[in-house]
Amino acid sequence: MFQNSYLSGSSPHAFELYIHLDWKLPSSSPSLVKRYVAMGFPKEMVVTSIKEIGHSDQNALLELLLTYKVYCEGVETECIAVLLVCNFDELENLFVLDITLFSSNSKFANQLCPLVYFVVQDIVYSRSDMRRVRKEVEAKLDNDFVQEMFEKDEKINSLVDMGFSEDEANMAIIRCGVDGDLSVLVHSISASRVAGNLNLSNHQNIAICVHLWQVMGGCFDSFGGRKKARLVEERKKKRKRCGCTGQSNQPSLDCNHDEDMLIPNPMVGFNLPNYSLPLVRVTRRILEQDMGPPYFYYENVARAPTGVWATISRSLYDIQPEFVDSKHLCATARKRGYIHNLPIENRAPLLPLPPMTIFEAFPRYKKWWPSWDQRTQFNCLLTGVAGPKLTGKIGRALASANTPPSQSIQKYVIDHCKRYNLVWVGKNKVAKLEPQEIEYLLGFPKDHTRGLGDTNRYKSLGNSFHVDTVAYHLSVLKGMFPNGVNVLSLFTGIGGGEVALHRLGINMRTVVSVEIDKASKRIFRDWWNQTQTGTLIEIDDVKSLTDDQVATYVTTFGGFDLVIGGSPCNNLAGCNRSSRHGLEGKQSVLFHHYVRILNAVKSAMARK
DNA sequence: GGGAATCGGATACTCGCG
DNA sequence: CGCGAGTATCCGATTCCC
């Protein structure tokens, strides 16, 4: 019943539920299995249950089977994520459920539910979110409960005085911790109000989820003692671990004070080609006034400091980001987040599909690749590369080592190969990738950046889009704009977005390109002149592009169909050791100009 | 709790040019 | 010899996942 409701698509806001049944068939207790199968339980479920708790306690086994049966009723074979709903009052029960069904030791977790999401008071949590919340709650139970309740009451009173409801205040404290500043709590409530408008407004679906939870809760209550004991055991282990780190008194350190973004694992966005099944299909809620045109497309690194993507999303109309690792589309990893208002149905990848492995991309490296280097794909292509000193050092280390080298030598070599994406070009000889090879991996035409010094080539390529990923998202524009598009391209760089549009066969009538780096500008201009017939207007700096100027362009070109750009990641990127200062950092702060200019386009087009 | 990944930056250096 | 452009080398922390 709930299955149909979830898949009905009646709510534009609800997560859809998929559970993938992939039961294994180990051989155990054939006669016992037969008996339960005769009672109407699927054979695979019986086998799994026996493996889970054994067959000595027949009552417990029967109860577990009943639980699984209730859980799996109506579930079809295409589903691989599950959504659970409960109230915070029921958290204790939810933890029991989590540990029982979804712990890493549970066969059930591995075989049935790789993706689990929890909906508590209309807020969607991933499993890792729930771990944090659980830590928080458990800490509350374990520590000075009375003191915390006192602090909590005081905070609630303050928030109620400010005009928030008691429920809202309670929720904010659970999300942010009782240690959270009042301003943090206020912000959380505001954000929650927005999220409340966005998510799960379909009461039917919520009711169905609650029903599921109640059914399951009933089952567990009937033999809660055993589960409860396991929960206590888990807690003890946890306490022990916390004790080792000396952080047991500061659970709030683990608490995320920003609204978390759901990053899918695997990082495949809303959908990808070659994935026969969508993973967590999220029907994004986009307000009427934020739908295109103009369509917009924003990109930045996925692993930004905590809270950055929540801020970006807030600035971009609370649209949920789409996180994609390009390793699912090509031979190199590139974990990026994208926020856009493009349709997500009927996407199509660029053809031919790019090679997925190192050897498919570069067969010649197979010759010297040692068996103990088990890489099949490259890591993220960064802006810097290894120099001859490092590769020489690796070569000398290998030359003086045994065959095969010792474990420690292997680890030293592999670690550096992974860090700098080195390839094997001779006996005991590793080398950096050539700029041309990186162009190929990222989907650019051959020699796209040729003419620059190698350092600049590596830098501009490292800062660029992965063309195939972006093209996959932009592919929906092809049918919508048969006569071509007008593009406002911010932070153009070497033109990854434009190359994607070109490879999709989408004609660019006009591109207004904003890019400050002269070398990148030259690369993009040269490419444009060689491949395009439309109008290119170049602007140096996003800061100098005024709202009035934007309005003039809108009037001149009849509006922009696409506003595309990835703002600087310098202060967000993980490998920045000296100035990873977040979204307000020196370069990354330019993100706000993306928002400003996009809003200028929207308002100018609304006036038209 | 530990392994692994990460659109980088500051600085000293080399090299070609006048 | 001074200058500037290009180059090489060194520099951990945050975050996620298992």
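Quick caveat: nothing in here was measured; it's all calculated off a predicted structure. Convention: sequence-line order gives letters A, B, ...; per-chain numbering from 1.
A:W309 and A:F323 have their aromatic ring centers within a separation under 6.0 angstrom. Aromatic ring centres of A:Y317 and A:F296: separated by under 6.0 Å. In this structure, the ring of A:F591 has its center less than 6.0 angstrom from the ring center of A:Y298.
For A:N265, a side-chain nitrogen or oxygen approaches OP1 or OP2 of C:dC18 to under 4.0 Å. For B:dT6, the OP1/OP2 oxygens have a side-chain nitrogen or oxygen of A:K335 closer than 4.0 Å. Residue A:K389 places at least one side-chain N or O closer than 4.0 Å to OP1 or OP2 of C:dC10.
Distances were taken from every side-chain heavy atom of A:C575 (C-beta onward) to each of B:dA5, C:dC17, B:dC7; the shortest belongs to B:dC7. Taking the side chain of A:P305 as heavy atoms from C-beta on, and the options C:dT15, C:dC16, B:dT6, the nearest nucleotide is C:dT15. In the set B:dC7, C:dT15, C:dC11, the nucleotide with an atom closest to the side chain of A:Y420 is C:dC11. Distances were taken from every side-chain heavy atom of A:N570 (C-beta onward) to each of B:dG9, C:dC11, C:dC17; the shortest belongs to B:dG9. The A:R419 side chain lies nearest to B:dT6 when the options are B:dT6, C:dT9, C:dC17. In this structure, the nucleotide among C:dC17, C:dT9, B:dG8 sitting nearest to the side chain of A:N463 is B:dG8.
Between A:Y338 atom OH and B:dC7 atom P the separation is 11 Å, expressed in whole Å. Distance NZ (A:K459) to C1' (C:dA5): 13 Å, rounded to an integer number of Å. The distance from atom CG of A:D415 to atom C1' of B:dG3 is 10 Å, rounded to the nearest whole Å. Between the CE atom of A:M267 and the P atom of C:dC18 there is a distance of 11 Å, rounded to whole Å. If you take CD1 of A:I312 and C1' of B:dC7, they are 13 Å apart, rounded to a whole angstrom. Spacing between atom NZ of A:K518 and atom P of C:dA5 amounts to 11 Å, rounded to whole angstrom units. In this structure, A:Y458 places its OH atom 18 Å from P of B:dG9, rounding to the nearest Å. Atom CG in A:N576 sits about 14 Å away from atom C1' in C:dC10, given to the nearest Å.
Of the C1' atoms belonging to B:dA4 and C:dG12, the separation is 14 Å, rounded to the nearest Å.
Rounding to the nearest 0.5 angstrom, the gap separating the CZ atom in A:F362 from the CH2 atom in A:W369 is 10.0 Å.
Counting heavy-atom neighbours within 6.0 Å of A:K459 NZ, excluding the residue itself, gives a total of 12 or less.
Under a 4.0 Å N-O distance rule, the pair A:E299/A:R336 qualifies as a salt bridge.
Taking every heavy atom of residues 577-594 of chain A and every atom of DNA chain B, pairs under 4.0 Å involve A:R577, A:S578, A:S579, by number.
The residue among A:A304 and A:D454 whose nearest nucleotide of DNA chain C lies closer to the 5′ end is A:D454. Both A:S567 and A:K411 lie near DNA chain B, and the one whose nearest nucleotide falls closer to the 5' end is A:K411. Nearer the 5' end of DNA chain B, as judged by each residue's closest nucleotide, is the contact made by A:K418, out of A:K418 and A:T383.
Put simply, the side chain of A:R596 gets close to the backbone of A:V542: a donor and an acceptor are under 3.5 Å apart.
The residue A:C569 sits close to a base: some heavy atom pair falls under 4.0 Å. Using a 4.0 Å heavy-atom criterion, one finds that A:G387 contacts the sugar-phosphate atoms exclusively.
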- Nucleotide-level pairing of DNA chain B, given in dot-bracket where Watson-Crick and G-U pairs need both distances under 3.5 Å and | marks other strands: ||||||.|||||||||||
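Among residues two or more places apart in sequence or in another chain, the salt bridge (Lys or Arg N to Asp or Glu O under 4.0 Å) test is passed with A:R522 by none.
Using modelled atom types and a 3.5 Å distance limit, the side chains of A:R334 and A:S326 yield no donor-acceptor pair. Looking only at atom types and distance, the side chain of A:S520 has a donor-acceptor partner in the side chain of A:D517 under 3.5 Å away.
When each of A:T469, A:V470, A:V476 is checked for a side-chain contact (heavy atoms from CB on, under 4.5 Å) with A:H473, only A:T469 meets the rule.
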